[in-house]
Amino acid sequence: MGKPERGSDDGKSHIPGAVVAAAVASGAGTGAEAQIPEARVPEAGVPGTRTPGAAGPPAAPGLPVAAARRVGLLFVLVLGGLTALPPLSMDMYLPALPAVTESLSAPASTVQLTLTACLMGMALGQLVVGPMSDKWGRRRPLLIGMVLYVVATAICAFAPTAELLIGFRLLQGLAGAAGIVIARAVVRDLYDGVEMARFFSTLMLVSGVAPVIAPVIGGQVMRLTDWRGIFLVLAMVGVLLTLVVVKWLPETLPPERRHGGGVGQALRTMRGLLADRSFAGYMLTGGFAFATLFAYIAASPFVVQEIYGASPQTFSLLFAVNSIGLIAVGQINGKLLVGRISLDKVLGIGLAVIALAALALLLMTAGVFGDVGLIGVAGGLFVLMAAMGLAMPNTNALAMTRASHAAGSASALLGTSSFLIGAVASPLVGIAGEDTAVPMAVVQLVCAVAALGCFLGMCRPWRQRSGGAAAV
């Protein structure tokens with residue numbers, strides 16, 4: 001097998017293997033590189049595996065195409081698993097929310113705080129892990145976070161009261177933040193512009209499976225045991241994912257691209273990112289869009305099961321159908337729209353559809369159209385979820401495009417803003433009790449309008465910015 005090729009002269013490579021080879025050549029190996037020598041060969045089937053403007057993927061002499069394809073798929077699966085961990089931690093637990101309220105003798109609003117606590121933990125944890133990964137590389141902070149996640153999740157299974165469960169969920173979120181923030185930073189290490197948006201859409205195909213199967217798994221676990229068994233299953237998933245990261249995820253940030261500063265340097269970097277009006281606009285746009293999604297996640301178990309009388313299995317099926325809609329639209333975005341239509345335009349369409357779906361849900365739940373029943377509400381939720389497939393990957397890509405110098409810190413800010421806004425929005429969906437879905441629809445509409453307002457008012461997509469995201 002030939003010598004590994006180095007990355008581009010500026011230290012930024014869009015080929016995963018080139019970054020691995022550069023790290024090996026500079027002595028930054030962590031042990032993972034030697035286990036996947038094929039990673040230095042680009043995989044033609046994965047978006048973003050060639051530098052922009054190249055006529056085609058570089059040749060791979062001496063290595064079969066099938067081997068390169070396996071490496072590319074494995075890379076997507078590992079990053080997809082990391083980004084799937086937060087929705088998996090949330091959505092497997094959703095069918096059990098009514099059972100938790102009964103088991104711990106706590107009101108629904110208190111039990112919903114277990115979701116809020118996990119979100120808060122993920123938000124604060126990303127602020128720590130993101131800058132750490134810019135300083136020490138991606139693998140070390142990720143592995144520390146994964147180990148702590150497993151321990152915290154196992155502890156959740158034995159929480160005797162709602163208050164202790166809230167505390168343990170906060171710890172679980174703090175530890176689990178490492179997976180999502182570092183996965184996004186790794187994507188920014190390797191891809192740029194349109195290719196990055198395509199890779200985020202490809203990643204959604206993998207990570208989007210989690211919300212599809214998680215409530216189904218949670219519902220089936222509830223048939224065999226109680227809600228505590230769900231946390232034990234999550235702990236086992238965490239163990240498996242940790243082992244996969246140890247064996248197959250290489251270091252993507254070589255030493256020459258790391259920041260040597262401490263807390264002060266990290267704060268200055270984040271302040272500089274927030275001073276970029278467009279980055280801040282995309283960050284807030286993504287945060288409010290995520291809050292719209294999380295209002296659905298927090299309220300739907302009670303809306304579907306308590307108000308409309310569906311079983312946990314029916315709720316799981318409806319949740320899976322909605323998640324499939326999100327995945328399908330995400331793939332349409334990556335395969336058909338990205339590269340043909342500007343990312344800003346696609347994002348604007350997605351945000352507009354989300355706002356219209358939220359308005360329709362409010363009118364239906366308020367009884368303006370009479371008793372539409374579960375089918376009508378489920379249809380509105382499906383449209384809202386599907387439109388997220390246009391908003392989520394493009395918001396991430398447009399924001400991260402403006403942060404090539406500090407991907408970890410930028411990823412932390414994006415994730416933190418999303419989870420914090422979502423954490424604030426989630427308790428509001430139950431503010432009027434468990435007998436009406438109107439609060440859910442109101443929170444969704446307010447957040448959707450706020451997302452659209454931040455996009456139009458701060459990002460100003462109609463203005464051409466040389467080298468900026470609007471031109472992508």
Side-chain angles (χ1 to χ4, degrees), residues 8 10-14 47-48 51-53 83 126-127 130-131 133-134 138 180-201 203 252-253 257-259 261 265-290 333-334 338-339 341-348 350-351 390-418 421 451-472:
S8 59
D10 62 354
K12 288 171 52 179
S13 173
H14 301 282
T51 53
T83 56
Q126 290 185 69
L127 283 178
S133 72
D134 283 338
R138 311 304 184 199
I180 187 168
V181 69
I182 291 181
R184 192 161 46 222
V186 166
V187 173
R188 185 61 188 94
D189 288 342
L190 306 177
Y191 304 99
D192 199 1
V194 169
E195 295 299 324
M196 181 165 50
R198 285 176 177 159
F199 192 89
F200 274 127
S201 293
L203 214 56
T252 60
L253 189 68
R257 292 176 56 198
R258 298 176 189 176
H259 297 288
Q265 175 63 34
L267 292 176
R268 285 191 294 271
T269 299
M270 290 185 176
R271 184 175 61 185
L273 289 169
L274 292 175
D276 181 344
R277 179 172 182 159
S278 293
F279 177 87
Y282 290 123
M283 180 188 73
L284 291 175
T285 298
F288 282 112
F290 182 83
N333 174 71
V338 171
I341 305 175
S342 73
L343 300 187
D344 274 318
K345 185 176 294 184
V346 176
L347 173 58
L351 293 173
L390 298 179
M392 293 169 64
N394 293 326
T395 302
N396 285 333
L398 286 163
M400 294 296 286
T401 295
R402 307 187 68 85
S404 60
H405 59 290
S409 295
S411 179
L413 288 173
L414 290 174
T416 297
S417 62
S418 294
I421 297 173
L452 194 56
C454 289
F455 173 63
L456 295 176
M458 298 180 69
C459 303
R460 300 179 181 181
W462 59 87
R463 297 179 60 182
Q464 292 293 328
R465 297 185 300 272
S466 60
V472 174

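The basis for the numbers below is simple: all heavy atoms, side chains too, and nothing from hydrogens, waters or symmetry mates. Bear in mind the structure is a predicted one, so any value in this text is a computation, not a measurement.
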Between [atom1] of [X] and [atom2] of [Y], what distance do you get to the nearest 0.5 Å?
| X | Y | atom1 | atom2 | result |
| --- | --- | --- | --- | --- |
| L284 | M458 | CG | CE | 5.5 Å |
| K345 | N394 | NZ | CG | 13.0 Å |
| F279 | L398 | CZ | CG | 11.5 Å |
| S411 | I180 | OG | CD1 | 7.5 Å |
| I341 | N333 | CD1 | CG | 9.5 Å |
| T395 | L390 | OG1 | CG | 10.0 Å |

Looking at [X] and [Y], what are the two nearest heavy atoms and their distance?
| X | Y | result |
| --- | --- | --- |
| G348 | L452 | O-CD1, 4.4 Å |
| L253 | S133 | CD2-O, 3.4 Å |
| A397 | L343 | CB-CD1, 4.3 Å |

Legend entry - Selection residues 272-287 - residue pairs positive for salt bridge (charged side-chain N to carboxylate O under 4.0 Å, His left out), sequence neighbours left out: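 Those involving residues 272-287 are D276-R402.
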Legend entry - Close side-chain approach of T401 and M196, heavy atoms under 4.5 Å: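 When only atoms from C-beta onward are counted, M196 and T401 do touch, with a gap below 4.5 Å.
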Inset, instruction - Please list, chain by chain and in numerical order, all residues satisfying side chain to side chain donor-acceptor pair (under 3.5 Å) with T416, sequence neighbours excluded. - result: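 T416: no side chain to side chain donor-acceptor pair (under 3.5 Å) contacts found.
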With sequence neighbours excluded, tell me which residues meet side chain to side chain contact (heavy atoms under 4.5 Å, CB included) with [X].
| X | answer |
| --- | --- |
| A412 | Q126, P131, V181, M270 |
| S418 | F290 |
| S417 | M283 |

Inset, instruction - Using the test salt bridge (Lys or Arg N to Asp or Glu O under 4.0 Å), find all partners of R138 that sit at least two apart in sequence or belong to another chain. - result: D134, D189
Inset, instruction - Using modelled atom types only, decide if a donor and an acceptor are shared between the side chain of R268 and the backbone of R271 within a distance under 3.5 Å. - result: no
Inset, instruction - Report the C-alpha distance between L414 and M400 in whole Å, list the side-chain angles of each, state the deciding distance to 0.1 Å, and finish with yes or no for side chain to side chain contact (heavy atoms under 4.5 Å, CB included). - result: CA-CA 9 Å; L414 290 174; M400 294 296 286; 3.6 Å; yes
Inset, instruction - Name the orientation class of the two ring planes belonging to Y282 and F455 (parallel below 30°, tilted from 30 to 60°, perpendicular beyond 60°). - result: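 Answer is tilted, since the angle falls between 30° and 60°.
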